[in-house]
Amino acid sequence: MDNKNFQKEKKAHWLSFELRDKVEETKELQRSEFFTSPDPVIARIKSGEFDRKSFLKLMGAGVAMTSLNCVRKPVEKIVPYVDLKVKEDDATYDFVKHGKTYEYATVFAGTGLLVKSKDGRPLKIEGNPNHPVSQGAVSASGQATIFDLYDPDRAQEPAEINGGKVKKIDWATLDEKVKKALSESKGSTVIVSKPIDSPSTKSLVGEFLRSVGGGKHLEISLTSAEEAVSKGQAASYGRALIPNYRFDLAEIILSIDCDFMGSWLSPEEHQKDFSKRRNLRSGAKDVNFFIAAESVPTMSGSNSDLRLPIRPGDQSKFALAIAAALSELGANTKDVVGSNTVSGLASELGVSVENIQKTAKALWSKRGKSLVVAGGVSAQTGDAVGLQILVNLLNSVLDNDGKTVDHSNPKKEGLFDYSSNLKELSQLLSQNKVGVLFLYDTNLVYQAGEQWKDLLHRAKLIVSLSDRADETALASNYLATTTHFLESWGDAEVTKGIFSIQQPAIRPLFKSRSFEDSLIQFAGGSLAGETVYYEYLKKSWLKKLGSQRKWEDLLRAGSTVNNGDRKKSGGSSRSFNKSSVRKPGASEAGIKLSLYEKTSLGDGKNANNSLLQELPDPVTKVTWDNYVLLSPQLAKEKGIHSNDVVIVKTAKQSIELPAQIQPGMHKDSIGIAIGYGRSAVGSVGNGVGKNAYVLAEDGIYSGIAVTSLEKTGKTYKLACTQSHHMMSPGFGYPDRPLIQTVSLDDYKANPAAGKAESEIPKIKKDGKLIFAQGANPVYDYPGYRWGMAIDLTSCTGCGSCVIACQVENNIPVVGRDEVRVGREMHWIRIDRYYIGNPDQPEEMQMAHQPVMCQHCENAPCETVCPVAATIHGSEGTNDMIYNRCVGTRYCSNNCPYKVRRFNWAQHWYNGAEGSKTPRYLGLNPDVTVRGRGVMEKCTFCSSRIAEKKIQAKNEGRALKDGELKTACQQSCAADAISFGNINDKNSEVSKLSNDPRSYRLLDYLNVGSQVAYLTRVRTKI
């Protein structure tokens, strides 16, 4: 790309919509030593004692000492993932050593996990690389669940509840009460649960209901996409199932309001597969092309190459417009489209004819290698099933069915009619036909409405099986507190024919029981001849496997494949039933509301997890609260600015929230995240945001008519991180991009296209370049020299690396007020950039750039530290000696990347009492815990480096490439991060550092960054 085109491309990248025209304000933020909020009320330095109440509210995840409240049970053998010593004679294991880290394979929410434990304490969750479905990927929310284990607000023992008041009781008392009620209401027992993917649990539920004289098991989910997909498949093809969507085979992808990498069906699997098509490091010459039509910008949509904003409720009409455009290209959709035309539909949608035709041509050109998906909360309209039918039509006429849509090896089979189950429950309760009602891990009062409080009490006895006294538990008679999944046995059919075992990594920390063990006790202490669920589960699998050794091998591996393989052929195409197509009705004028799930909090179950509350949203970069998303056009029309508090009214309800102006929104749409507004989740999550579930109408979450959108005259400052820690490329130098982008065509012509020419002088000494990008430094590092490479083409901005780093390195949560003044402590931040014309924000695209300590060869921070607390290590890293640091913050002032963090408060300490808080059970003992007045930053996971080096030294060898992974690298589902020894010319990081796409951030400063970035390659059509 020539310099003129390069500068044009660079100017299309802008960091903040609010600051796009405020040149002087932007410069001031870039110059600033530390970010300071312009709000004088919260721009303060907290002083004095950090009181215990605030500490518990912000830290919010700990438990009593492991030695207390443990429930004695029969011996249950758990097996580490690797490093076993087997005694062949009796097949027993000798593996526990003090101070040694062990990994245990397990599964949670369909994701294969490895749980790292030390001295009996689970400390870190990683993805299981050998799991056939998730393939080593694990989301940010999945990693943060480790602190749900140590949550002090978990219920610690069973309780009797009367009028919302909780009274602790013992298990024997509860068991007798439940058994008596069961004996008096035979045949009228109802178990309401979340969707269960465990065959053993379902079998046990059946055994239980038979043992108590019969009853019903109703699975309910108010936000699952499975229902619409399965019903659409049944209507389209006559067989209800959830296909395997093969993103790894798709060259062109169209998603219609579907955050498939964030929250839809199997997001970790989808993200892993999607990233395989964007890995130019593997030698591939092409990347997939991704088109997103969305009512609310999502994490998945932020990675699109073409993004089309649509209005909530218009999803089906957009799919019909694509069908009409395909008809013009020769697809057999004319009879379905009828009299509708592309131009007419485009006019109703507010999307250009050109973009609809461009999308259709791209899909048509890759028939059999394309994929259309839709669904999720933001697509849960009154015609959600009709949308799925239209999507099935598109995949059929594009020859995708049986190829990228794998129906021969489905993810699940059956009709998932959760809404009918909810209606049936309501009818049974209204008719007083429920005796004992068990509510397992489902929160109807919070999600479905306050009216369920009275409705539930039509049952003779209500038992909530939950890990805490949540909103629904407080409306029950008894709470049978359940264990965390890291304390529980189980199994899961994560994809049809592919099974995983859930094994605990620790005994229950409290007087809690698993759901299955409670059922056994309620049934009289025995089911199918077993008194504990572990034996029931083990017996079931021994019948299938045939031997104790195979059972233990299964525990070690974590999964097994039985009559199923996600990599098999998808089969032949099916005959599509065109009579099933439901044509969307006419669009109604006015503003429409879309409710949506954030990738962090999801449906709100984990609202008490402070790590997830403080994780910046991938798109808005706001933490801690939900808000009203609206387009710049609508905001201008209404005179609304970000942080203005507005009232949104629908025909039935209203909600008051701060506004957040978001480019990429349709001008007549607004969005609000669900999962907030909890009142009984714990000290961290209570009162954070507002409950947007109240705006849903009979299971409809999108396309809701807004009758009024008005300002209240109040303001509420959202804790948004996007304008914090802004880097300066140098004033007056517009051709110094921080994120560098190139089109695929330009990349093919020249892999180095899109990069700015280096400004570092090419000085020669003895005929060798001594100052050149990629050249060896003046200091010759013997042995190891650590470096990192980040591929911006692959990075999705999901935030998994942020949480992984936080858990691994004991990085504290600081709370909403501290984030507001720029004091968030994350060692990695992900800068979000808009791509496009700032005068046309509805057409924006996005790019993500992770930024951490660059471990500069000529580190500016090292030269200004008066006490040598930050020094250069013998292996090329910039190290911190925390007990030397006196908190001058000179190093932070001198860091051009603004990646150093200062402890303004005693986040981990609160005097003698606070230092004993059980939250500390989750801290990594290999990483120093920092106190007030100390600077900290990324260390390239120095504790992991030391551990692996010691292991290699003991074995008399050098570290192998890929053997050592940082926490951020290991967590990255997109495999965008590489780390290793750059002295090894055959190492991946060394090769990537010298790749034609490689560049250094703020290279003109000549600080010698050891983090290489690979240009972001975008496909255009």
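Worth saying up front: this structure is predicted, and the values here are computed from it rather than measured.
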Tightest non-hydrogen contact, residues Q143 and A804, listed as OE1-CB, 2.9 Å
Establish, from distance only, whether the side-chain atoms of T223 and D603 form a donor-acceptor pair under 3.5 Å.
no
Neighbour count above 12 (heavy atom, 6.0 Å) for K177 NZ
no
Determine, stepwise, if the pair E535 / V532 fulfils side-chain contact (heavy atoms from CB on, under 4.5 Å).
CA-CA 6 Å; E535 294 296 341; V532 292; 3.6 Å; yes
For N691, check side-chain contact (heavy atoms from CB on, under 4.5 Å) against everything at least two apart and list the hits.
Y446, Y693, V694
Taking the six-membered ring of F499 as reference, does the cationic atom of K544 (NZ for Lys, CZ for Arg) lie under 6.0 Å from its centre and within 45° of its axis?
yes
Between E413 and K496, is the closest basic N to carboxylate O distance under 4.0 Å?
yes
Compile the donor-acceptor pairs under 3.5 Å between side chains in residues 429-440 and protein atoms, sequence neighbours left out, one pair per line.
from, atom 1, to, atom 2, distance (Å)
S430, OG, S426, O, 2.8
Q431, OE1, K433, NZ, 3.0

Pairing residues for S139 by the side chain to side chain donor-acceptor pair (under 3.5 Å) criterion, not counting sequence neighbours:
S141, E268
Are the side chains of V681 and R468 in contact, using a 4.5 Å heavy-atom criterion?
yes
Using atom types as modelled and distance alone, determine if a side-chain donor or acceptor of S800 lies under 3.5 Å from a backbone N or O of S971.
yes
Listed by chain and number, what are the side-chain contact (heavy atoms from CB on, under 4.5 Å) partners of D441, not counting sequence neighbours?
K194, K605
Derivation and outcome, salt bridge (Lys or Arg N to Asp or Glu O under 4.0 Å), residues K179 and E176:
CA-CA 5 Å; K179 284 186 284 187; E176 287 303 314; 3.2 Å; yes
Carefully, step by step, assess F485 and L149 under the rule side-chain contact (heavy atoms from CB on, under 4.5 Å).
CA-CA 8 Å; F485 80 92; L149 174 66; over 6 Å; no
Hey, are K550 and E552 close enough for a salt bridge, meaning a charged N less than 4.0 Å from a carboxylate O?
no
For K186, is the NZ atom crowded, meaning more than 12 foreign heavy atoms sit under 6.0 Å from it?
yes
Nearest heavy-atom pair of N608 and G685: which atoms, and what distance?
OD1-N, 3.0 Å
Short side-chain donor-acceptor distance under 3.5 Å, T145 and D148
no
Roughly how far, to the nearest 0.5 Å, is the CD atom of Q521 from the CG atom of L527?
9.5 Å
Looking at E450 and K453, does any basic side-chain N land under 4.0 Å from a carboxylate oxygen?
yes
For K118, enumerate each residue passing the salt bridge (Lys or Arg N to Asp or Glu O under 4.0 Å) test, keeping only those at least two apart in sequence or located in another chain.
D926
All side chain to side chain donor-acceptor pair (under 3.5 Å) counterparts of Q427, not counting sequence neighbours:
none
Closest non-hydrogen atom pair between S679 and N686, with its separation
C-OD1, 3.2 Å
State whether E227 and K231 are salt-bridged, where the test is any N-O pair (Lys NZ or Arg NE/NH1/NH2 against Asp/Glu carboxylate O) under 4.0 Å.
yes
For K538 and Q548, run side-chain contact (heavy atoms from CB on, under 4.5 Å): C-alpha distance rounded to whole Å, both residues' side-chain angles, the deciding distance at 0.1 Å, then the answer.
CA-CA 9 Å; K538 182 179 177 182; Q548 175 74 16; 3.3 Å; yes
With sequence neighbours excluded, residues passing side chain to side chain donor-acceptor pair (under 3.5 Å) with E530:
K539
What side-chain donor-acceptor pairs closer than 3.5 Å can you find for residues 200-213, not counting sequence neighbours?
from, atom 1, to, atom 2, distance (Å)
S200, OG, D491, OD2, 2.5
T201, OG1, S198, OG, 3.0
T201, OG1, E516, OE2, 2.7
T201, OG1, Y533, OH, 3.4
K202, NZ, I196, O, 3.3
S203, OG, Y536, OH, 2.8
S211, OG, F208, O, 2.6

Have K598 and Y676 got a donor and an acceptor in their side chains that come within less than 3.5 Å?
yes
Among residues at least two apart in sequence or on other chains, which ones pass salt bridge (Lys or Arg N to Asp or Glu O under 4.0 Å) with K168?
E157
Contacts of type side chain to side chain donor-acceptor pair (under 3.5 Å), residue Y478, not counting sequence neighbours:
none
F522 ring centre to R513 NZ or CZ under 6.0 Å, with the angle to the axis within 45°?
yes
Candidate pair S134 and T111, rule side chain to side chain donor-acceptor pair (under 3.5 Å), full reasoning:
CA-CA 6 Å; S134 53; T111 302; 5.2 Å; no
Of the non-hydrogen atoms in L241 and P410, which two are nearest, and what is the gap between them?
CB-CB, 4.2 Å
Residue set satisfying salt bridge (Lys or Arg N to Asp or Glu O under 4.0 Å) with K216, at least two apart, ordered chain then number -> E424
Which residues satisfy the side-chain contact (heavy atoms from CB on, under 4.5 Å) test with A105, sequence neighbours excluded?
Y81, L114, N128
Using a strict cut-off of less than 4.0 Å between a Lys/Arg side-chain nitrogen and an Asp/Glu carboxylate oxygen, indicate whether K411 and E269 qualify as a salt bridge.
yes
So, T482 versus D467: side-chain donor-acceptor pair below 3.5 Å or not?
no
Is any NZ, NE, NH1 or NH2 atom of the basic residue among K511 and D170 found under 4.0 Å from an Asp or Glu carboxylate oxygen of the other?
no
Considering all heavy atoms of both residues, which atom of A607 and which atom of V684 are nearest to each other, and what is their separation?
O-CG1, 4.3 Å
Heavy atoms only: give me the nearest D197-G110 pair and the separation to one decimal.
OD2-N, 4.2 Å
Derivation and outcome, side-chain contact (heavy atoms from CB on, under 4.5 Å), residues V138 and L113:
CA-CA 8 Å; V138 58; L113 304 175; 3.7 Å; yes
Please determine whether a side-chain nitrogen of the Lys or Arg among E487 and R154 lies less than 4.0 Å from a carboxylate oxygen of the Asp or Glu.
yes
